[in-house]
> 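Have a look at this one before I ask anything.
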Amino acid sequence: MRIGKIAPALVLALAAATTAACGGGDTSSSAPKELVYWASNQGTSLDNDKAVLQPELDKFEKASGIKVKLEVVPWTDLLNRILAATTSGKGPDVLNIGNTWSASLQATGAFLPFDDVALEKTGGKSRFLGPSLAATGASGQPPVGVPLYGQAYGLYYNKKLFSEAGITKPPATWEELVEDGKKLTKPDKGQWGLSLQAGQVTENSHHAAILGAQQGAQFFTSEGKPQLASDPSVAAVQQFVDLMQKDKIVNPSNAEYADTAKSLKDLSDGKAAMFMNQASAGSFKSIGMDMANLGVAPIPLPAAAPPNGRKVSSFVAGINMSVFKNTKNPDAALDFVKFMVSAPEQALLNKTYGSLPTVQDAYSDAAFQTEDVKVFQSVLANSAEPMPQVPQESQFETLIGTAMKAMFADVAAGKPVDGAKIRDQLNQADQQIAAGS
């Protein structure tokens, strides 16, 4: 099977499962309104998310009389579940989506457009942060949702391990990151310079986008034609894979890391000294990390910028909240969205997860005045770039992320991954995207 292809049988099976599980609840006048909500996995586990979210859903039900049935969906399943729901026409009422999928999902026509009227019902357009609101769909069209959790990438590091290695500050360039990583790598002691979620498709694609921007890559032309197999794209993927292959600062077992929790735990336990991730201080705290040992800095740039390289250390990351157009309870769904983006809920949820509020009026909370939050705020405002805002974006993520996952598996098995192999895989991705356009 070619990389990243979603088999029709899988789509149909997922659609059937979605049909059985969802449908918006009983809408008869005598029955209380009920919504089905798919939440993305933001915490350390699905159970952790349920423990965080269920009290808030109960609070909403008590205030509104609207019951919300919660399902937390792992990131490994979320996009395929959503695509299956758009195919079947049977999905939840409200759901979380990765904001990088906005333009792709918008193109399906399956979601309620958040026009000026819908935005006003959820509190008004002016409340939202500009960069986060910009990542809610293609330019010139009503958003496909509203931003729920704001995010940017940074470099977390274990201050204790840095101090023991005689390193006094986080790396400021990519070359320093590799050099520090080698000093911090002690395989005989079970310690590695860097932890990667190398088995997770979306994470691989995110880092390809960040490093691709640094290398000067443009993954699509202005007309929307894919060009993943360009020289800068190949260089970016090679740079990332080489952290395990050539630089040897990543444990080969990370090729199987498909969830964030393992990398969080490695940093907390001293098995890894660095980890590039979205804001996640809340998750570190929940697993018992000594927060005095946790530092964060921007993901480093190359010491010398490649031709056309851009000063990008993150993409505009985050989670949006969307409503399926065929919900039987659109007013209730918008009421629920309004509740979730209210200032009190924004402060509580983003404080818990360590992410960033997406509305201006939540930043008065003292939790968002800390040094680590200021690092992420600065990155989001000054060195973050949106993922490609094209309908094929989700296909781009799936294809390039799946290819990179296979490359890391090869490296872990002792099989070399060179530029020719990377270009071949990216050429296949270009062909698949073009065929589906």
> Set out, in order, the CA-CA distance, both residues' side-chain angles and the distance that settles side chain to side chain donor-acceptor pair (under 3.5 Å) for Glu397 and Thr100, then state yes or no.
CA-CA 9 Å; Glu397 284 198 37; Thr100 62; 2.2 Å; yes
> Are the charged groups of Asp77 and Arg81 less than 4.0 angstrom apart, N to O?
no
> Minimum heavy-atom separation for Gln238 to Asp418, with atom names?
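Where Gln238 meets Asp418 most closely, the heavy atoms are OE1-C, 3.3 Å.
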> Do Gln141 side-chain atoms and Gln106 backbone N/O form a donor-acceptor pair below 3.5 Å?
no
> Does the Ser102 side chain pair with the main chain of Ala135, one donor and one acceptor, at a distance under 3.5 Å?
yes
> Using only atom types and a distance under 3.5 Å, with no angle test, would you say the side chain of Thr402 pairs donor to acceptor with the backbone of Thr398?
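Yes: the side chain of Thr402 pairs with the backbone of Thr398.
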> Would you confirm whether Ser132, through its side chain, and Pro147, through its main-chain N or O, come within 3.5 Å as a donor-acceptor pair?
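It does not hold such a pair.
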> So if I apply the side-chain hydrogen bond (donor to acceptor under 3.5 Å, both in side chains) rule between Ser40 and each of Asn96, Asn320, Asp49, which one comes out positive?
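Running side-chain hydrogen bond (donor to acceptor under 3.5 Å, both in side chains) over Asn96, Asn320, Asp49 with Ser40 returns exactly one hit, Asn96.
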> With a 4.0 Å cut-off, would you call Asp410 and Lys421 a salt bridge?
yes
> Do Asn204 side-chain atoms and Ala198 backbone N/O form a donor-acceptor pair below 3.5 Å?
yes
> Taking all heavy atoms of Ser322 and all of Ile97, pick out the closest pair and write down the distance.
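Nearest pair, atom of Ser322 first, then Ile97: OG-CD1, 3.6 Å.
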> Heavy atoms only: give me the nearest Glu345-Phe339 pair and the separation to one decimal.
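Where Glu345 meets Phe339 most closely, the heavy atoms are CG-O, 3.2 Å.
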> Mark yes or no for whether Gln151, through its side chain, and Ala279, through its backbone, hold a donor-acceptor pair below 3.5 Å.
yes
> Verify, without hydrogens or angle tests, whether Tyr156 (side chain) and Ser280 (backbone) share a donor-acceptor contact under 3.5 angstrom.
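Flag set: sc Tyr156 to bb Ser280 pair under 3.5 Å.
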> Is it true that, when you exclude Glu175 itself, more than 12 heavy atoms of the residues, nucleotides or ligands shown sit nearer than 6.0 Å to its CD?
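Check passes, neighbour count above 12.
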> Salt bridge between Lys50 and Glu71, side-chain N to carboxylate O under 4.0 Å?
no
> Would you indicate whether Lys160, at its atom NZ, is surrounded by more than 12 heavy atoms from other residues, nucleotides or ligands within a distance under 6.0 Å?
no
> To check you understand the geometry: which heavy-atom pair defines the closest contact between Ala347 and Asp365, and what is its length?
CB-OD2, 3.9 Å
> Let me confirm one number: the CG-CG distance from Asn251 to Leu196, rounded to the nearest 0.5 Å.
10.5 Å
> Can a donor-acceptor pair be found between the side chains of Tyr153 and Glu203 at a distance below 3.5 Å?
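A donor-acceptor contact under 3.5 Å links the two side chains.
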> Any donor and acceptor pair, going by atom type alone, linking the side chain of Glu385 with main-chain N or O of Val316 inside 3.5 Å?
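Absent.
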> Between Gly419 and Val234, what is the shortest heavy-atom contact and its length?
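Of all heavy-atom pairs spanning Gly419 and Val234, the closest is O-CG1, 3.9 Å.
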> For Thr185 and Gly193, indicate whether the former's side chain and the latter's backbone hold a donor-acceptor pair under 3.5 Å.
yes
> Could you give me the CA-CA distance, side-chain angles and deciding distance for Ser286 and Ser283, then say whether side chain to side chain donor-acceptor pair (under 3.5 Å) is met?
CA-CA 5 Å; Ser286 71; Ser283 295; 5.1 Å; no
> Is a side-chain N or O of Gln346 found less than 3.5 angstrom from the main chain of Ser342, in a donor-acceptor match?
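Checking the backbone N and O of Ser342 against the side chain of Gln346, no donor-acceptor pair under 3.5 Å is found.
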